[in-house]
Each structure stands twice: as C-alpha cells, then as structure tokens.
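Let me begin by presenting the structure, written as structure tokens, before commenting on it.
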Amino acid sequence: MARVVQGIGHFAEVSLRVSKANTPGYGRVQFLCTGKGFVGQGYLEEVSPEGYEDWKTGAEAGVLFALKCSNWTADVYVDAISGLSSDTNEWTVAEAAAKAVWNALETNLDSQVLARLEHLVDRSWCEEGLRLDDLESLLLGQIG
C-alpha cells in the first residue's frame, strides 16, 4: 500500500501465503521474514528475523482482522514485510497485511470497511492513542 495524505507518506508491503487451517479460531500467523533490516536512510527496509516488533504486530493485527472479516480459518505465513522508517508504522503494515490476505483469498471486501481502515491508517500518523488492539472496534465504529 502506498499513498500520500496531507503531505505524509504511507508505505508498506507485505508478502504472505495463506493455507486453509483445520484449527479452531481464525488460524495462526507465522513470521518467516529474512530481511536485513535497516541498511541506510532512503533504502527500503526489509524486516529481519529479530526486531521490528511493531511492524510484525501490525502485520498480525491486519492478518487476523482480514481473516475475521472474510470468515476464514487459515494459517498465514508472512514471508516479508518492507517499508521505510519515514513512511511506515504498525498501522500501515496492518493495512498492507489485511489487503494481502483479502487478495490471497480473493475476497470482495465491503468498501465501507476498507475506507474506514484507510482512514484509521491516515489518523495513526497524526493522532496518538490509536492502538492496534482496538482495530476491530475502531473499524466497526465502536470507538473514536
């Protein structure tokens, strides 16, 4: 996902695989990222096995939300998360991960849910107090 809102860049890429799960709930998320992390200012950062916990948390939140919206039970293997420290936060990664899951499942998402998600990502850069653990409530309009 990439866009500029009021002069603020938003960018994240998530590469993942989805496999139908036989476990209860919405499945599990495994991180198989092998990137080198921060190389230098202006270079694309690829999440390494260690660190980047905020981006990984964003990816997991986005994946689980997307599975719940799609009513799927699946195991998701996150192969790569990429971004720029200047344009990427946990919310941009959550949006990119959710969209990657919906794309993999070939799910048609309610346009209002998608617009609300994008709006929350935009707010995340300017508004403190938005927490990823509130993602579902925020998207359903129960908070804020």
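Basis for what follows: all heavy atoms, side chains included, without hydrogens, waters or symmetry-related copies.
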Report task. Test Leu105 against Leu67 for side-chain contact (heavy atoms from CB on, under 4.5 Å), laying out the working first. Result -> CA-CA 9 Å; Leu105 297 176; Leu67 291 174; 4.1 Å; yes
Requested in this report: Begin from the C-alpha positions of Asp54 and Asn89 and carry the test side-chain contact (heavy atoms from CB on, under 4.5 Å) through to its verdict.
Outcome: CA-CA 7 Å; Asp54 55 339; Asn89 66 13; over 6 Å; no
List the atom pairs, donor and acceptor, that lie under 3.5 Å between side-chain atoms in residues 29-40 and the rest of the protein, sequence neighbours left out.
none

Only distances under 3.5 Å count here; give the side-chain donor-acceptor pairs of residues 80-88 to other protein atoms, sequence neighbours excluded, each with its distance to 0.1 Å.
unit_1 : atom_1 : unit_2 : atom_2 : d
Ser85  : OG     : Glu45  : OE2    : 3.1
Thr88  : OG1    : Phe11  : O      : 2.4
Thr88  : OG1    : Leu84  : N      : 2.8
Thr88  : OG1    : Leu84  : O      : 3.1

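Note: Ser111 OG to Glu118 CD = 10.5 Å, rounded to the nearest 0.5 Å. To the nearest 0.5 Å, atoms CD (Glu95) and NZ (Lys99) are separated by 3.5 Å. Considering OG1 of Thr92 and CZ of Arg3, their distance stands at 9.0 Å, rounded to 0.5 Å.
Of the possible polar contacts, none joining the Trp72 side chain to the Lys20 backbone as a donor-acceptor pair under 3.5 Å is found. Proximity of a side-chain donor or acceptor of Lys56 to a complementary backbone N or O of Gly51 within less than 3.5 Å is detected.
A pairwise comparison of heavy atoms in Trp125 and His10 identifies CD1-NE2, 3.2 Å as the closest pair. Heavy-atom minimum distance, Ala59 versus Ala97: O-CB, 3.5 Å. Between Arg28 and Tyr77 the shortest heavy-atom distance is NH2-OH, 3.9 Å. Here the shortest heavy-atom pairing between Ala74 and Val18 reads CB-CG1, 3.6 Å.
The shortest distance between side-chain heavy atoms of Phe65 and Val101 does not fall below 4.5 Å. A 4.5 Å side-chain heavy-atom check between Glu60 and Val78 finds every atom pair outside the cut-off.
In Asp110, the CG atom is crowded: over 12 heavy atoms of neighbouring residues, nucleotides or ligands sit closer than 6.0 Å.
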